[in-house]
Amino acid sequence: MRTVEAAAERIAPVFEQLAGVADRCILGPGEIPCARTSPEDLIDVIRTLRDQRGFTHLTLLTAEELQPPKPADGEQTEAAPPASPAGAREQLPQTGLDMIYGLTRAADGTTIIVRVALEDGSLAVPTLSHIWAGAEQLEREVYDLFGVHFDGHPNLRRIVLRDDFVGHPLRKAFDTNGGVSSEAVVEAVKSPGDAPFEETRRPNSPSEEARLAGDPVLHSERLVLNMGPQHPSMHGVLHLWLALDGEQVMASEPTHGYLHRCIEKLCESLNYKACTALLDRSDYVSGFHTELAHILALEELMGIESTPKADYLRVMLGELVRITSHHTWFAAAGLDTGALTPFLYAFIDREKILDFFEAITGARMMFNYFRPGGVKADMPAGLAEEMKAYLKTFDKQVDECESLLTGNEIFRARTRGVGLLSPQAVIDHCVTGPMARASGIDIDLRRDEPYAAYDRIPVNVATAMVGDTFDRYTVRVAEMRESARIALAALEGMPEGPCVNPDVPRAIKPPPGAAYRRVESPRGELGVYLVSDGSAQPWRLKVRSPAFSNLHSAPTLLNGGRIGDVVAVLGSVDVVMGEIDR
Amino acid sequence: MGVDDQTRVLIAPIQQLMDWARGHSMWPLTFGTACCAIEMMCCGSARYDTDRFGIFFRNSPRQADCMIVAGTINLKMAPRLKLLYEQMAEPKYVIAMGSCAIGGGPFSTGYNVVNGVDQIVPVDIYVPGCPPRPEALINSLLLLMERNSKGERSAADRLVLEQPA
Ligand code: SF4
């Protein structure tokens, strides 16, 4: 368990420094330190935190609609605004928005939330895109879904929804009308629904002018290429805009939203347990991790703990699903560089692990297995022995897979020194997970912020130094081996006992408050920010998607490179569109 | 079909020959958008190995006979689905894989999800499940090939034929 007092002590000097520009408050039962400030002071606060206090990692950027004040119970909830003087307005209570920023200090893992209250009517807040490049896209998402305007934002357009979409769906007042009508579909099919690539919109490389002497079109090999959203090696429905000059990529920008499935909005009308089912489908190659982040946040809100056995089961399944996720990536890494065999090999091993999942949870992919206070059911008798025997031979299978690529000369030539990501770019783009570790940034939430049973099972974190496509490959392969080791350790150390805490009430109605919990998914830091208003449905559920931030670092990897490397580099980012678009 | 005894030449109506051919190879377009696409990938992998049925996944709509819509389609993707369908050569078939493609699945009340691809393209076979197991998808492809060898029409053809003149 996290030591709340020690954390409070560490954070105290920060608040002393912020006195005058931000008020101290506490977020939810997890006691996350929270600084409340105004749009005018936001940049000041963020700069102080980042530049002087070492909070360099932007983990969360989202908005939350404020809950209407409940006159029935006199107690003010944490998230509710101070009673507004304009109480005279009738009908629907006029609610405002809060911007939520989450910052983490790498040195000790302290997280601080910065809340900025926005007034309805002028939903404006200064942009952070000049502080973190990665904030640009995160802000676009908030603009798209909430309608918040970011002053000074270089490129404030919709990001997940169609350009012609009307309204901002995560506002509570937005009416979904029970789904999309067939007339709307007929209308949508008529036009592509997103803006064409404007070549001039993005800054190009400095040598540009020199090359373009003469007629800009005739005397250049300028070409704008749209890759995707339906492309054999696009890893899902990703759309990449590429501005090419001959073979060279001059500018690029990922567009997505082709798989936006309203998960966050739908969760607001489902009970907490049902949310797990949808979250499974958001990161569909590693469902356990999204489930777990949600359940951890929920347990924090309710103040319950899971049983020791369930902790071990969660670790074991989390690691196995990491392996299957990396299998999928490995298969794609081979295909991206022109090798079909790795796909066949990796999927043989993947199927074996899926068999275990099926025996334990009843499903191959959509598990819906974690519950508040534990897990749904125990493992079938005898399966543990079978799994142990399998995991003991796992290294050999990785060897076999590796023998296809690691030493392969073509593969090495295509990946080494290609798609470099510098440590500074990792921080600027809020990149996490294997991608960050391959660039020499040693972060891993399993070790730095242990959840479930990770405080009892040591984790060796694999890192690399160069940060090229090949390093991302070696880090992930090392992670597969390590995951098998952890899963085996979890199986062997698994205590006896109940799989679910018997004290958990049948009706899940956490007290009002907010929680933010993170887990280390195969793609990095996956967080769930969960707000309860005391009812059986979450007031707000936000998934911090690691692949989202990782994907938007892609232009730094691709620009200046060659068109032929695009697919290989993009494969090494390991995107899952379901989790990016949600 | 029959073999002429003197010339040893196979004689058959051209339609029968084509039905026979279409009943033995079905090249689907990989139109995977979401979770179901992962199960579709499994179909092509070593354990399920659809190649043994003459089913090869193609990446280009121009080379494909049938489109497997594996995953959720939303309003932004819908025009692309239509475009790809139109790029396929006749006769073309559509398999709606998974609850999302059939009717929006768990997201059907969302503000952005198409409640069934049959609102956009004519569907030949619906494969229920969330996601359907690879066996179910293979079964649907076999069913489609069986129909073809019997000379049955695609849903798109039937739509045209049954239209009142
Ligand atoms: S049917 Fe289920 S598994 Fe398939 S795409 Fe929809 S949610 Fe995913």
Side-chain angles (χ1 to χ4, degrees), chain A residues 160-162 165 167 169 174-182 184-194 229-233 236-237 239 256-263 265-266 269 277-278 280-281 284-285 287 328 331 343-348 350-351 354 363-366 577-578 581, chain B residues 29-39 41-49 51 57-61 67 71-85 87 98 100 103-121 129-134:
Chain A
V160 289
L161 293 167
R162 291 169 62 96
F165 193 88
F174 182 89
D175 188 4
T176 55
N177 282 324
V180 175
S181 66
S182 40
V185 174
V186 170
E187 201 48 45
V189 168
K190 289 181 187 156
S191 71
D194 45 5
Q230 154 68 16
H231 187 277
S233 45
V237 278
H239 179 182
H256 51 89
Y258 302 95
L259 195 49
H260 180 65
R261 303 191 275 188
C262 338
I263 289 181
K265 181 80 174 180
L266 287 172
S269 57
L278 280 195
D280 261 336
R281 285 154 179 85
Y284 41 76
V285 288
T328 317
F343 164 71
L344 299 171
Y345 274 64
F347 267 64
I348 294 175
R350 185 173 180 272
E351 287 289 342
L354 292 193
R364 286 159 56 88
M365 288 166 68
M366 303 306 167
M577 295 317 290
D581 289 339
Chain B
L29 169 72
T30 55
F31 189 72
T33 60
C35 352
C36 280
I38 306 286
E39 288 294 59
M41 278 165 77
C42 289
C43 288
S45 74
R47 180 181 287 185
Y48 296 100
D49 187 18
D51 288 14
F57 286 93
R58 306 308 304 172
N59 294 322
S60 162
M67 174 192 250
T72 325
I73 302 296
N74 68 13
L75 292 179
K76 206 167 173 180
M77 197 64 194
R80 273 76 182 189
L81 170 70
K82 179 94 179 159
L83 185 72
L84 284 163
Y85 178 76
Q87 286 176 347
C100 282
F107 313 101
S108 62
T109 50
Y111 47 84
N112 198 29
V113 173
V114 173
N115 291 330
V117 289
D118 47 11
Q119 296 181 0
I120 306 170
V121 293
C130 183
R133 292 185 61 96

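In what follows, every chain begins at residue 1, and chains take the letters A, B, ... in the order their sequences are listed. Values below: all heavy atoms of this structure, side chains included; hydrogens, waters and symmetry mates excluded.
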Q) Do A:Arg350 and B:Ser45 come within less than 4.5 Å of each other through their side chains, counting heavy atoms only? A) no
**Q.** Contacting region of A:Val285 [heavy-atom separation from chain B under 4.5 Å]
**A.** side chain
(Q) Quick check: do B:Lys76 and A:Phe165 have side-chain heavy atoms less than 4.5 Å from each other? (A) no
Q. Where does A:Arg364 contact chain B at under 4.5 Å (heavy atoms): side chain, backbone, both or neither?
A. side chain
Q: Between chain B and each of A:Met365, A:Met366, A:Lys265, count heavy-atom pairs under 4.5 Å; write down the option with the most.
A: A:Met365
Q) For B:Ile73 and B:Phe31, what are the C-alpha separation, side-chain angles and deciding distance, and is it a side chain to side chain contact (heavy atoms under 4.5 Å, CB included)? A) CA-CA 10 Å; B:Ile73 302 296; B:Phe31 189 72; 3.6 Å; yes
Q: For the residue pair B:Pro131 and B:Ile38, establish whether any side-chain heavy-atom pair is separated by less than 4.5 Å.
A: no
(Q) Surrounding OH of A:Tyr345 (heavy atoms of other residues, nucleotides or ligands, distance under 6.0 Å), is the total greater than 12? (A) no
Q | Proximity breakdown for B:Leu75 and chain A, heavy-atom pairs closer than 4.5 Å | A | both
Q: Can you see which heavy atom on A:Cys262 is nearest to which on B:Gly110, and at what distance?
A: SG-CA, 3.6 Å
Q. For B:Ser108, is it the side chain, the backbone, both, or neither that has a heavy atom closer than 4.5 Å to a heavy atom of chain A?
A. backbone
Q: Select one option (side chain, backbone, both, neither) describing which atoms of B:Leu83 are under 4.5 Å from chain A's heavy atoms.
A: neither
Q.
Less than 4.5 Å to any heavy atom of chain A: does that hold for the side chain of B:Tyr48, its backbone, both, or neither?
A. side chain
(Q) Please identify, among A:Gly257, A:Gly167, A:Gly578, the residue contributing the most non-hydrogen atom pairs under 4.5 Å to chain B. (A) A:Gly257
Q.
For B:Arg133, which atoms come within 4.5 Å of any heavy atom of chain A: side chain, backbone, both, or neither?
A. side chain
Q.
I need the residue from B:Pro106, B:Cys42, B:Ala37, B:Ala78 with the largest number of non-hydrogen atom pairs under 4.5 Å to chain A.
A. B:Cys42
Q. A:Leu344 versus chain B, heavy atoms under 4.5 Å apart: side chain, backbone, both or neither?
A. both
(Q) Would A:Arg281 and A:Tyr284 count as a cation-pi pair here, with the cationic atom under 6.0 angstrom from the ring centre and within 45° of the axis? (A) no
Q. Looking at B:Val114, B:Leu81, B:Asn112, B:Asn115, which makes the most heavy-atom pairs under 4.5 Å with chain A?
A. B:Asn112
Q) Can you list the steps and then say if A:His239 with A:Val237 is a side chain to side chain contact (heavy atoms under 4.5 Å, CB included)? A) CA-CA 7 Å; A:His239 179 182; A:Val237 278; over 6 Å; no
Q: Taking the side chain as every heavy atom from C-beta outward, state whether B:Phe107 and A:Leu278 have any atom pair closer than 4.5 Å.
A: yes
Q: Go through the atoms of B:Ala34 and report whether side chain, backbone, both or neither lie under 4.5 Å from a heavy atom of chain A.
A: both
Q: Heavy-atom distances under 4.5 Å only: say whether A:Thr328 touches chain B with side chain, backbone, both or neither.
A: side chain
Q: Report the option among B:Met77, B:Gln119, B:Met41, B:Arg47 that has the most heavy-atom pairs separated by less than 4.5 Å from atoms of chain A.
A: B:Arg47
Q. Is the ring centre of B:Tyr111 less than 6.0 Å from the ring centre of A:His260?
A. yes
Q) Considering only heavy atoms, which portion of A:Ile348 lies under 4.5 Å from any heavy atom of chain B: side chain, backbone, both, or neither? A) side chain
